[in-house]
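In what follows, chains carry the letters A, B, and so on, assigned in the order in which the sequence lines appear, proteins first and then strands, with residues in each chain numbered from 1. Below, each value reflects all heavy atoms present in this structure, side chains not excepted, and no hydrogens, waters or symmetry copies.
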Amino acid sequence: MVDDSRFTARVMSAVRRIPPGRVSTYGDVAEAAGKPRAWRAVGNIMRSCSRGDVPCHRVVAAGGQLGGYGGNTAMKRALLQAEGVLFSGTRIRDFRLKRWLAGE
DNA sequence: TGGTTGACGGTGG
DNA sequence: TCCACCGCCAACC
């Protein structure tokens, strides 16, 4: 089990809780981790994750934008589309409705 | 121990 | 609606 006291672990746990077909913003994940203003660090942490343990592809930037994902935004988009998330160009359709908040 | 980085968010123009 | 600047926090070197 991971050390829950570490912000990184809390962020990873929060991301794992994101159900398929849903997305969360870095801010939402940070908030779920207990630090609503740590979205900056969340991005940093995600960079380290991306191994398969965490569905980091469900974490997108605010406004429905994809974000980075190591530059493979196309793959990220494909993964989300496979889960039922509709896209409008580089942005998520009905992002507000697809957005998942911790505790929902 | 200190400084820099970074898959960002929000506001202003 | 798009572009640019500033602010923020944790991890890494």
Side-chain angles (χ1 to χ4, degrees):
Chain A
M1 222 19 152
V2 287
D3 189 345
D4 222 58
S5 54
R6 287 222 191 278
F7 180 72
T8 311
R10 293 171 80 177
V11 170
M12 289 203 198
S13 294
V15 176
R16 277 190 234 177
R17 282 176 231 167
I18 303 174
R22 291 281 190 152
V23 293
S24 262
T25 66
Y26 292 91
D28 291 334
V29 175
E31 187 176 7
K35 301 280 182 186
R37 300 202 143 172
W39 32 258
R40 273 282 214 180
V42 173
N44 250 3
I45 294 163
M46 291 299 173
R47 229 170 156 228
S48 295
C49 300
S50 58
R51 282 152 204 212
D53 282 341
V54 182
C56 38
H57 64 271
R58 287 177 197 157
V59 183
V60 300
Q65 289 190 292
L66 281 172
Y69 203 73
N72 298 326
T73 49
M75 185 171 75
K76 185 173 183 176
R77 187 174 66 184
L79 287 168
L80 291 173
Q81 284 186 80
E83 292 184 354
V85 179
L86 284 308
F87 275 83
S88 182
T90 55
R91 280 204 163 162
I92 298 176
R93 272 206 203 190
D94 303 315
F95 169 65
R96 274 198 178 182
L97 304 177
K98 297 286 184 183
R99 193 172 176 187
W100 178 83
L101 290 314
E104 191 184 321

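The 5' end of DNA chain B is approached more closely, in terms of each residue's nearest nucleotide, by Asn44(A) than by the other of Gly27(A) and Asn44(A). For the pair Gly68(A) and Gly63(A), both in contact range of DNA chain B, the more 5′-proximal nearest nucleotide belongs to Gly68(A).
Checking dG10(B), dA10(C), dC8(B) against the side-chain heavy atoms of Tyr26(A) singles out dC8(B) as nearest. Comparing dA7(B), dG9(B), dA11(C) by their nearest atom to the side chain of Lys76(A) picks out dA7(B). For Phe7(A), whose side chain is taken as the heavy atoms from C-beta onward, the closest listed nucleotide among dC8(B), dA7(B), dA11(C) is dA11(C).
To the nearest angstrom, P of dG9(B) lies 11 Å from CE of Met46(A). Straight-line distance from the CZ atom of Arg10(A) to the C1' atom of dA10(C): 13 Å, rounded to whole Å. Rounded to an integer number of Å, the gap from Asp28(A) CG to dC9(C) C1' is 17 Å. Separating the CZ atom of Arg91(A) from the P atom of dC8(B) is a distance of 14 Å, rounded to the nearest angstrom. Atom CH2 of Trp39(A) is separated from atom C1' of dA11(C) by 16 Å (rounded to the nearest Å). A straight line from NZ of Lys35(A) to P of dA10(C) spans 6 Å, rounded to a whole angstrom. Atom-to-atom, CD of Gln65(A) to P of dG10(B) comes out at 11 Å; the value is rounded to the nearest Å.
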Walk me through whether Arg58(A) and Val15(A) qualify under side chain to side chain contact (heavy atoms under 4.5 Å, CB included).
CA-CA 8 Å; Arg58(A) 287 177 197 157; Val15(A) 176; 5.6 Å; no
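Listed here is the closest heavy atom pair of Phe7(A) and Ala41(A): CE2-CB, 4.1 Å. Across Ser88(A) and Arg93(A), no two heavy atoms sit closer than the pair CB-CG, 3.5 Å. The two residues Gly68(A) and Thr73(A) have their closest heavy-atom pair at O-CG2, 3.3 Å.
Arg47(A) has a side-chain polar atom (N or O) that falls below the 4.0 Å cut-off from OP1 or OP2 of dA7(B).
Base engagement by Ala41(A) is indicated by at least one non-hydrogen atom pair under 4.0 Å involving a base atom. Among the heavy atoms of the strands lying under 4.0 Å from Thr8(A) are primed sugar atoms or P, OP1, OP2 only; no base atom is included. Arg37(A) comes within contact range of the sugar-phosphate backbone alone, with a heavy-atom separation under 4.0 Å but no base atom that close.
In this structure Arg22(A) satisfies the salt bridge (charged side-chain N to carboxylate O under 4.0 Å, His left out) test together with Glu104(A), sequence neighbours excluded.
One donor-acceptor pair, N or O on each side, does fall under 3.5 Å between the base of dC8(C) and the side chain of Arg40(A).
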